[in-house]
Each structure stands twice: as C-alpha cells, then as structure tokens.
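This report concerns only the one structure given below.
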Amino acid sequence: MSRKHLHAFIKFNFKGNFSPFLASLHSNPFSNDDRRRSKFEKVTNLDDALNLFDEMIHRQPPPSVIKFNQLLSAVTKMKHFSSTLSLFNQMCATGVRVDEYSVSSAIKCCCNLFRTKDGFALLGCCFRRRVGPNVVIFNTLLDGLVLEDRIIEAERLFKKLINHKLCEPNVVTFSTMIKGLCKFGNNDIAIGLLRLMDERGCKPDVVAYSTIIDSLCKNKMVDDAFELFKEMVFDKHILPNVITYTSLIHGLCNLGRWDEVAKMLKEMENQRISLDLQTYSILVDAFCKEGMVDKAEAVVNIMVERGECPDLVTYGSLIDGYCLRGETTKARTLFDSLTSRGLIPDVITYSSLLNGYCKSLKIEEAMLVFHEMTRKGLKPDIVAYNTMIQGFFMVGRCGDARKLFDEMRAQGNAPNECTYLIILDGLCKNQQVEEALSLFHLVGDSKLNSNIVVYNILIDGASNCGKHDIAMDLFHDVTVKGLQPDIRTYNIMISCLCVEGLLKEAKHLFLKMDESGCPPDNVTYRLLLQGYLKNKVYDDVEMLLQEMDGRSYSLDAATLSLLIDGISTGSVDRSMLKLIGRLVPKELMDTPR
DNA sequence: CGTGCCACGA
C-alpha cells in the first residue's frame with residue numbers, strides 16, 4: 001500500500017470514534033468472520049441479497065466496506081448487474097464508504113451492461129472519493145472497451161496507461177489487450193504483444209497464451225496454435241489448463257482431425273486434467289455436426305455418469321444434431337424434456353428447434369414454435385427472425401417473409417448482414433433475381449456489397465434463372481472491385497459457363513483458380529467433367545480423372561452416370577474404366593443403381 | 001471483497 005493510500009485508509013477508518021472497529025471485534029455476536037462468510041455464501045438469490053443490504057445499510061455501527069463489497073460481488077456473480085449498480089449508488093448516496101473494490105465491481109457491471117461509458121464516468125466518482133484508480137479498475141475498463149468492440153479506444157487506453165504511467169500494466173492488462181487484438185483478427189500483433197510483455201518483465205501466463213491459442217484455433221490455424229502451445233509448455237514451462245486443451249480440441253474438431261482430438265483427450269487424462277462442461281459440449285456439438293448423433297449421445301451419457309450435468313448448450317447441440325438429420329420429432333421430444341431436467345429453454349434453444357422445422361419445410365410447426373417462444377415471455381431476437389424469414393422463403397412464401405421482416409424491424413431489431421444474405425438468397429431461389437439485384441443496388445457501396453458471399457448468391461441466382469449474362473457481369477464486378485473469389489464463386493461460374501456450352505472459358509477459369517491460390521476442389525472437378533460430358537466434348541476427360549485420382553478426390557453419382565453413358569456409347573474410352581473404378585467411393589458402390 | 005482464457009442457433 002502506498003503512503004497516499006495508507007493515509008486515506010487511516011483517515012477513513014480511524015476518524016472520530018473507534019466503535020466500528022471495536023464492534024467488529026466483540027460487540028456483535030453475529031459479526032465474526034466465519035459467520036459472516038457463510039452468510040454471504042448463502043446469498044444465492046437476488047431478494048436475499050437486497051434484504052441483507054437493506055439491513056446492513058441501516059445497521060449501527062455500519063458493517064465494514066469489505067462486507068458491502070462481498071455483497072456487491074455476490075450480486076455481480078449472479079449477473080444482476082443493474083442491481084449491483086443500484087446498491088453501489090445507494091452506498092454512495094447514504095455515505096457508506098466505497099473503495100477500489102466497490103468501484104471496480106460497479107465498473108465491471110457497467111461494462112457488462114454495455115455501458116462502458118458509465119464505467120468511465122465512475123472514474124470521476126473515484127477521484128471525488130479519493131479512491132485512486134488502480135490497475136484492476138483500468139483492466140476492467142479496458143475489458144469493457146473490448147467487449148463493445150471499441151478496439152481503437154482500447155488500444156488508446158492501453159497506450160495511455162503505459163505512456164502516462166497511470167498504472168503499471170499487469171499480466172491481466174496485457175491479456176485483455178491481447179484478447180481485443182485477437183477479436184479483430186490481429187493474431188500477429190497479439191503475438192507481438194505477448195513478446196513485448198515478456199521483454200517488459202511481465203511474464204505471460206497460461207491465460208495470455210490460451211487467448212491467442214484459442215483465436216488461432218477459431219481461425220483454423222490449428223498448427224500455429226500448436227506451435228504456440230509447444231512454446232508455452234516446453235520453453236516457458238507453463239502448464240496448460242482445461243481451457244487451453246478445450247480450445248485446441250475445438251480447433252481440431254472443426255477441421256475433422258479426430259485422431260488428434262483423441263490424442264489430446266488422452267493427454268488431458270495423463271495430465272489429470274478433467275474435462276469441463278465446455279469440453280464435453282464441444283465434443284457433443286462436433287459429433288452432431290458430423291452427423292454422428294449416436295456418438296454425441298454417448299458423450300452426454302458419459303457426462304452424466306461422471307456427475308456432470310449437461311446444460312442448455314449441450315442439449316442445444318443435440319437438438320441441432322437431430323434437426324440436421326430431419327429428425328424434428330426427436331428434437332421436439334428432447335426439447336420438451338428440458339423443463340423436467342430443470343432447464344428452461346432460452347431464445348437460442350427455441351431458435352434451434354425453429355431452424356429444424358424450417359429446414360424440414362415444416363413451416364406451420366415452425367410458426368407454432370415461433371409464437372410459443374413469445375408466449376413463454378421470450379422475445380425473438382435477430383437470429384430467430386432470420387431463421388423464420390428464411391423458412392418462409394424456403395417454402396416460397398415471400399410475402400410472409402416480407403411481413404416478418406417488417407415486424408422484426410418494428411420490434412426494434414435492425415437487420416444485419418445475415419438478414420441481407422437470407423433475403424437476397426430467398427429472392428433468387430424464388431425466381432426474383434431482379435428484386436434481389438435492385439435490393440443489392442439499393443444497399444449500394446457498403447461492406448455488404450463487398451462481400452463475396454453476396455456475389456455468390458447473386459451469381460448463382462442469376463445463373464439458375466438462365467440470366468447468364470447477368471451472372472458474367474457480376475463476376476466481372478468481383479474482379480473490378482478487387483474482391484477475391486472463393487471456391488464457391490469459381491464453382492458457380494464454371495457451372496454457369498458449362499451450361500452455356502462455353503467450355504473453353506470454363507477451362508480457362510479452372511486453370512486460373514490454381515494461380516489465384518484457390519485450388520479446385522472435388523466439386524470443381526465434378527462440375528467441369530459434367531460440363532464436358534453433357535456437351536459431348538471428351539478431350540480433357542481422362543486428364544481430369546487422372547488429376548482427381550492424384551488428389552484423392554472422388555466421383556459423385558451424377559458424374560459417374562454420365563461417364564458410364566459415355567462408355568456405353570463409345571465416346572469415352574473403355575481403358576478409363578479402371579481409373580473410374582478407383583474414383584468411385586465405397587458408398588456409391590453399395591448403392592444399387 | 002474487485003481484473004483476463006473454452007461450448008449451442010440464422
């Protein structure tokens with residue numbers, strides 16, 4: 001404690017009489033520390049907390065600031081941020097002393113309510129009450145800025161802390177800044193900051209490393225993540241924790257690198273690190289997304305056996321898994337069983353079910369779910385609206401989609417990028433390419449219109465409506481704008497050119513892909529082959545098949561059928577049969593044709 | 001008594 005702080009401490013605590021101090025020693029039989037601690041642990045609901053506060057604030061002599069802070073902390077842990085703030089304000093209004101701890105709790109609450117601005121205003125309260133803002137308070141504010149995506153201001157505050165020596169940044173300050181950088185995709189700069197903190201004598205810890213490892217994993221750079229992981233463990237001798245492993249496992253799952261997932265789970269076991277709810281959820285989710293619902297169910301069973309209680313997130317993934325396979329009845333049954341498991345479905349859980357019905361084109365049931373969630377007091381959010389709008393488009397009810405879009409805005413939900421994509425796609429799929437194009441032009445020059453996914457939707461839509469010239473124009477736009485076409489763009493264009501019989505152009509684009517760092521995938525080869533065969537042009541067929549073989553690609557039913565037709569008419573040489581056989585996946589062999 | 005890292009939906 002600095003001299004200034006000591007002075008303030010004495011001034012506040014030993015001013016006038018000593019009764020509060022003495023009282024805490026012996027006059028109040030209920031105020032010894034053990035009793036009090038258990039009292040705060042018992043506060044598990046908001047009402048108890050508020051009642052206790054009321055009693056405390058009227059108690060004579062008043063309880064120490066620590067007791068108040070413990071209560072603030074308990075309410076904050078229950079995520080009743082507004083309540084904590086109101087308690088803090090009452091403390092200020094009634095003259096109960098507040099200190100760095102109370103202020104940081106209050107600021108954290110502002111930040112969590114996305115009112116970081118008010119958090120900064122509380123700094124003024126700090127100064128008035130001679131509470132010196134310390135590193136914890138600044139860390140909390142920095143985190144608030146990151147939370148609100150105010151990365152520039154976060155960086156400015158971070159630099160200010162250092163340059164103006166407002167406080168000595170600690171490992172939390174650095175890892176908070178690192179998190180902000182990662183959030184905006186600046187992994188390299190984040191790693192730079194990791195090195196910088198080390199140089200400044202602030203040793204990075206498992207949190208600092210895990211933050212970057214997680215970000216790399218989320219960006220599919222799992223191998224880079226493992227490099228950093230190795231550095232942390234072997235060079236810095238920092239032990240990974242369950243969170244570090246969970247991030248890596250998540251990254252591996254997303255890439256379908258199951259062998260390595262198993263390896264990591266084994267490694268955790270060896271390190272005696274137990275899986276937590278998140279780790280299990282990731283496994284459940286990954287299995288569901290791969291269509292292996294039985295494996296996901298097995299993981300849930302293991303959880304229960306091990307005494308873990310699957311939560312809404314876990315069951316939400318399972319609901320998605322059922323829906324993905326069109327098993328909406330099973331999804332609904334699981335959904336209905338949640339309440340008896342003590343879980344109240346939230347907006348996300350409802351949206352999963354909603355999505356299931358929509359994707360199964362059961363629009364009436366989807367609407368029932370949509371209304372049910374409103375009846376249960378849940379306000380549909382942007383994702384729920386987007387899901388339902390997409391559902392309407394999928395069954396061709398464009399008018400209802402439009403109505404819901406208007407209702408969504410009337411309810412105060414501003415359409416986001418995804419809404420835009422859904423509407424453009426919906427219009428295109430319902431033969432309203434012109435509508436889609438005018439909406440596209442209406443939005444004009446924006447981030448949205450520089451999104452390759454938007455172009456993919458429009459090019460695909462135009463092409464499928466037979467408006468190939470428009471498709472070409474749009475593709476030309478992509479190039480002019482300097483946008484990087486992705487694999488979907490190329491595949492859509494190649495398909496479009498083949499339908500038009502422009503095989504030379506299709507082949508040209510196919511060759512251009514590799515040069516542009518976007519190598520053709522399985523789909524590209526199949527599309528191009530189909531284009532050749534349907535147009536009865538056979539010169540490149542063997543070469544394409546050979547390349548596919550070299551890349552371990554495979555044929556699908558449609559392409560295979562065209563090849564067989566070609567062989568039966570003698571257009572495709574029989575000598576290719578062996579090669580074709582190698583390219584047929586087992587599943588296709590088993591299917592009787 | 002206060003600060004930072006991991007999971008679900010369009």
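Quick note on labels: first sequence line is chain A, next is B, and so on, each numbered from 1. Here the structure is a predicted model, which is why all the values come from computation and not from measurement.
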Any N or O donor-acceptor pair linking the side chain of [X] to the base of [N] at under 3.5 Å?
X: A:D276; N: B:dA7; answer: no
X: A:T176; N: B:dG4; answer: no
X: A:N134; N: B:dG2; answer: yes
X: A:D99; N: B:dG2; answer: no
X: A:D205; N: B:dG4; answer: yes
X: A:S351; N: B:dG9; answer: yes
X: A:S104; N: B:dG2; answer: yes
X: A:Q70; N: B:dC1; answer: no

Counting any heavy atom closer than 4.0 Å, what does [X] reach on the DNA or RNA strands: base, sugar-phosphate only, or nothing?
X: A:V284; result: nothing
X: A:V171; result: base
X: A:I422; result: sugar-phosphate
X: A:K218; result: sugar-phosphate

Taking only the side-chain heavy atoms of [X] (C-beta and beyond), determine which of [options] contains the nearest atom.
X: A:T246; options: B:dC6, B:dA7, B:dT3; value: B:dC6
X: A:A208; options: B:dT3, B:dG4, B:dC5; value: B:dG4
X: A:I382; options: B:dG2, B:dA10, B:dC8; value: B:dA10
X: A:I66; options: B:dC8, B:dA10, B:dC1; value: B:dC1
X: A:N170; options: B:dC8, B:dG9, B:dT3; value: B:dT3
X: A:C418; options: B:dT3, B:dA10, B:dG9; value: B:dA10
X: A:T387; options: B:dA10, B:dC5, B:dG2; value: B:dA10
X: A:S73; options: B:dC5, B:dG2, B:dA10; value: B:dG2
X: A:K77; options: B:dG2, B:dT3, B:dA10; value: B:dG2
X: A:D214; options: B:dG9, B:dT3, B:dC6; value: B:dC6

Would you kindly give the [atom1]-to-[atom2] distance between [X] and [N], to the nearest whole Å?
X: A:F53; N: B:dC1; atom1: CZ; atom2: C1'; result: 14 Å
X: A:Y245; N: B:dC5; atom1: OH; atom2: P; result: 21 Å
X: A:N139; N: B:dT3; atom1: CG; atom2: P; result: 10 Å
X: A:N241; N: B:dC5; atom1: CG; atom2: P; result: 12 Å
X: A:K108; N: B:dG2; atom1: NZ; atom2: P; result: 10 Å
X: A:I178; N: B:dC6; atom1: CD1; atom2: P; result: 13 Å
X: A:L123; N: B:dG2; atom1: CG; atom2: C1'; result: 14 Å
X: A:E308; N: B:dC6; atom1: CD; atom2: P; result: 18 Å

Single hit among A:R97, A:Q70, A:E100 for side chain to side chain contact (heavy atoms under 4.5 Å, CB included) with A:V65: A:R97
From CG (A:N134) to OG (A:S104), nearest 0.5 Å: 7.0 Å
Validation row, ring centre A:Y385 to ring centre A:F405 under 6.0 Å: no
Counting only side-chain nitrogens and oxygens, does [X] get under 4.0 Å of the OP1 or OP2 atom of [N]?
X: A:K179; N: B:dC5; answer: yes
X: A:K289; N: B:dG9; answer: yes
X: A:N355; N: B:dA10; answer: yes

pair A:M373-A:L353: side-chain heavy atoms closer than 4.5 Å: no
Of all pairs that satisfy salt bridge (Lys or Arg N to Asp or Glu O under 4.0 Å), the ones with a partner from residues 138-149 of chain A, not counting sequence neighbours: A:D143-A:K179, A:E148-A:R150, A:D149-A:K183
Whether A:W258 and A:F287 hold their rings parallel, tilted or perpendicular, with breakpoints at 30° and 60°: parallel
A:R257 atom CZ, neighbour heavy-atom count above 12 within 6.0 Å: yes
